[in-house]
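This report concerns only the one structure given below.
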Amino acid sequence: MRVETKLFFYLLAFFAPVTLVYGFWSDWKEPIGVVALTLTAGLFLLTGFYFWMTGKKLPLRPEDNASGEIEEAEGNYGYFVASSWTPLWLAGAGAIMFAGLAIGWWLFIIGAFFGVVATVLWVFESFSGKYSI
């Protein structure tokens, strides 16, 4: 878990000085931003500390080895369909639904109908055709 630990501690090292700069820049008169940035730094501190403590108890993973190979990883990563147009239709249905929030509920209902159809197609596309399971 070295990668995760470093990531969160680097973000802590970014947000702690940003909190101080923001505080000095606003003359400490605007408390909401200082509190939000302090809590953000605290979030990264807690999460980074958790990953550090957990990483000490666990053995090294293949991801932690800089000279590691892909073959060293264990298990199956899952089944992925070779190519699919269905996420494009699902995104289009989502765009229609969001436009329907601004234009009218009738357009939202049409987008929701297309969204349900696209979701069902995406779920069941692995059970038929050339790349079926």
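Computed from heavy atoms alone, side chains included, the values below leave out hydrogens, waters and symmetry copies.
- The line from CG of L37 to CZ of F14 is 9.0 Å long, rounded to the nearest 0.5 Å.
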Exercise for review: List the steps, then state whether side chain to side chain contact (heavy atoms under 4.5 Å, CB included) holds for F113 with I110.
Suggested key: CA-CA 5 Å; F113 173 75; I110 292 171; 5.7 Å; no
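- Grouping the Ile, Leu, Val, Met, Phe, Trp and Tyr side chains by contacts below 4.5 angstrom, directly or via other members, places L11 with L20.
- Pairs of residues two or more places apart, or lying in two chains, that qualify as salt bridge (charged side-chain N to carboxylate O under 4.0 Å, His left out) and include a residue from residues 1-12 are E4-R61.
- Remark: A16 engages no residue in a side-chain contact (heavy atoms from CB on, under 4.5 Å) (not counting sequence neighbours).
- The two residues G111 and A93 make their nearest non-hydrogen contact at O-CB, 3.7 Å.
- Residues that satisfy the side-chain contact (heavy atoms from CB on, under 4.5 Å) test with L107, not counting sequence neighbours, are I96, A99, I103.
- L101 shares a hydrophobic cluster with M97, F98, W105, F108; the chain of contacts runs through ILVMFWY side chains whose heavy atoms sit under 4.5 Å apart.
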message = Could you go through V3 and L7, starting from their C-alpha distance and side-chain angles, then the distance that decides it, and tell me whether this counts as side chain to side chain contact (heavy atoms under 4.5 Å, CB included)?
response = CA-CA 6 Å; V3 175; L7 173 70; 5.6 Å; no
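- In this structure T86 satisfies the side-chain hydrogen bond (donor to acceptor under 3.5 Å, both in side chains) test together with S84, E125, sequence neighbours excluded.
- Nearest heavy atoms, T19 versus V34: CG2-O, 4.0 Å.
- Note that the CH2 atom of W122 and the CG atom of L88 stand 11.0 Å from one another [nearest 0.5 Å].
- Using a 4.5 Å cut-off between side-chain heavy atoms of Ile, Leu, Val, Met, Phe, Trp and Tyr, with links allowed through other members, I109 and W106 fall into different hydrophobic clusters.
- Between the CG atom of L45 and the CZ atom of F15 there is a distance of 13.5 Å, given to the nearest 0.5 Å.
- Put simply, F114 and L90 are part of two different groups of oily side chains (I, L, V, M, F, W, Y) that touch within less than 4.5 Å, one to the next.
- Atom OH of Y22 has more than 12 neighbouring heavy atoms from other residues, nucleotides or ligands inside a 6.0 Å radius.
- Other residues, nucleotides and ligands contribute more than 12 heavy atoms inside 6.0 Å of the CH2 atom of W28.
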Check residues 46-59 and write down every donor-acceptor pair under 3.5 Å in which the side-chain atom is one partner and the other belongs to a residue at least two apart or another chain.
{"unit_1": "T47", "atom_1": "OG1", "unit_2": "L43", "atom_2": "O", "d": "2.8"}
{"unit_1": "T54", "atom_1": "OG1", "unit_2": "Y50", "atom_2": "O", "d": "2.8"}

